[in-house]
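What follows is a short report on a single structure.
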2 protein chains.
Amino acid sequence: MPSISGKTIGRLCVYRRQLQRLRDEGKSNVYSHQLAALTGGSAAQVRRDLMAIGYRGTPYHGYRIDELSGSIASFLDDPDGQEVALVGLGNLGRAILAYFDGWRPHLTITAAFDVDPGKVDRVIHGCKCYAIAKLESITRRRKIAVGVICVPAREAQTVAEKLAGGGVKAIVNFAPRRLHLPDDIYVEDIDVTTALEKAAFFALEHKRQPDSKAK
Amino acid sequence: MPSISGKTIGRLCVYRRQLQRLRDEGKSNVYSHQLAALTGGSAAQVRRDLMAIGYRGTPYHGYRIDELSGSIASFLDDPDGQEVALVGLGNLGRAILAYFDGWRPHLTITAAFDVDPGKVDRVIHGCKCYAIAKLESITRRRKIAVGVICVPAREAQTVAEKLAGGGVKAIVNFAPRRLHLPDDIYVEDIDVTTALEKAAFFALEHKRQPDSKAK
DNA sequence: TCACATTTGTGATTTTTGTCACATAGTTAT
DNA sequence: ATAACTATGTGACAAAAATCACAAATGTGA
């Protein structure tokens, strides 16, 4: 089947966010080239992506913002809502928790886990904390299918296996380690270190050859 | 010239990290297929990437870890070291600061900026904080070429322009906004929201068709 | 009504990225 | 020696992603 690419999924998320913004500004429709400018792509790419989810605009009027928004939502979101489990309440874990506190109701971090007994049973940024020992049983019982790993690199693999054991099907991994898991489990790596080193490299290129246009 | 791809740069960073780990374990050489297993790529890809920086291994012995490490370092790193400026000391900004505290000496966050007068002139996680008003002058005076944006989305564009105005050439952007900058400035977006939504989507796919092998 | 301007949808094409497969070269064992 | 292995380096190839470019659709205005 014409399975949809991960890159397209990512862009659809970005389009949706911009659409909400446009709607807040009172706009009711939008052209592919406007969305492209807003998201840093090309107009043709926007059209291709929207084609993938089957929503069709109309020439001369572009896309209806509310309809398109709804179309993306019904493609991306679980109508029953989805819960997320976060593991690791260090600085980064707590920041992520704060970041998503009061987020969309259909995608919420509803359980956090840490080894530190001082954090267990407290509520941090609106989220109840549990001991890691309870990870598998809680995710399984509540059918949580999405996990976020914010533990130190050394413990990432162990935690990932516990999440998988608890029935989690997709993981956002902040630890700088490749996770080794059954390949029906989706892993989205967020590698902050690499991102910084990459940026540093391109800044350096600039210093090495002060002329060329990079990107 | 045979300009090197951004994806390759990213993988080189990852290889290097794994190499350091192997060296800490006392290993002295490594094969392309081992490095591949450790980083989640293919052996052929590892060889291609290493080819790109000109380091050559030897058949039957693979690559010398110390030499290869050094080779990557001399390709990626500025021998004079590089300073990084971080803007926005909310939860996320402070977490990033802590994350990189005591990081490699050649790439260090040495200046942080925030609007909150309560944070200005303090030292947070080993980093001195300044008022945003001083951003341009400080980055320019200290020739800082790398910036990290951790401010709320609304202020991201303004801050990005100030960084660019201060001579910064590469930016790691945590704000969920496309930055509009001269195109000789490199931007690496870290979009946590999109990452989570993407993961949620793939978890949902799993629920919709409980059979297929995804990724 | 008819020419014209604007924008979508998509086949065709290009560019980028990754994989294959094999010649080459180092190593071991007999 | 030389035969049998093992691993690299790389040209050839395949797959994926992005772009081009134009027909079809829609609206505008004389």
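Chain identifiers are assigned alphabetically (A, B, ...) following the order of the sequence lines, protein sequences preceding nucleic acid strands; residue numbering begins at 1 within each chain. Computed over heavy atoms, backbone and side chain alike; hydrogens, waters and symmetry mates excluded.
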Can you work out whether B:His33 or A:Arg48 has the more 5'-proximal nearest nucleotide on DNA chain D? B:His33
Flag if over 12 foreign heavy atoms under 6.0 Å of NZ, A:Lys162: no
What's the closest nucleotide to the side chain of A:Met51 if the choices are D:dT26, D:dT19, C:dG9? C:dG9
Identify, between A:Tyr60 and A:Arg47, the residue whose nearest nucleotide on DNA chain C lies closer to the 5' end. A:Tyr60
Steps toward side chain to side chain donor-acceptor pair (under 3.5 Å) verdict (B:Gln157, B:Glu161): CA-CA 6 Å; B:Gln157 179 61 39; B:Glu161 285 164 15; 2.6 Å; yes
Among the nucleotides C:dT10, D:dT8, C:dC20, which one has an atom lying closest to any side-chain atom of B:Tyr31? D:dT8
Nearest whole Å is fine: how far is D:dA17 P from A:Ile9 CD1? 12 Å
Rounded to whole Å, the CZ-P distance (A:Arg64 to C:dT8) equals 15 Å
Interatomic distance, B:Asp49 CG vs D:dG9 P [rounded to whole Å]: 12 Å
Phosphate-side-chain proximity, B:Ser32 and D:dT8, N/O vs OP1/OP2 below 4.0 Å: yes
Using a strict cut-off of less than 4.0 Å between a Lys/Arg side-chain nitrogen and an Asp/Glu carboxylate oxygen, indicate whether B:Arg17 and A:Asp191 qualify as a salt bridge. yes
Value in whole Å for how far the P atom of C:dT27 lies from CG of B:Asn29: 11 Å
Between the CG atom in B:Leu92 and the CD1 atom in A:Ile96, the distance rounded to the nearest 0.5 Å is 6.0 Å
In this structure, how many angstroms lie between the P atom of D:dT10 and the CG atom of B:Leu50, rounded? 12 Å
Residue B:Arg11, side-chain atoms from C-beta onward, closest of C:dG18, D:dA18, C:dG9: C:dG18
Do any side-chain nitrogens or oxygens of B:Arg56 fall under 4.0 Å of OP1 or OP2 in D:dT10? yes
Does A:His61 place a side-chain N or O at less than 4.0 Å from the phosphate oxygens OP1/OP2 of D:dG27? yes
Atom CD1 of B:Ile4 and atom P of C:dG18 are separated, to the nearest Å, by 13 Å
Which distance, rounded to the nearest 0.5 Å, do you find between the CG of B:Leu12 and the CZ of B:Arg16? 9.0 Å
Side chain of A:Ser42: nearest nucleotide among D:dT19, D:dT8, C:dT8? D:dT19
Here the distance between atom P of D:dT10 and atom CD of B:Gln45, to the nearest Å, is 16 Å
Atom CD1 of B:Ile53 and atom P of D:dT8: how far apart are they, to the nearest Å? 14 Å
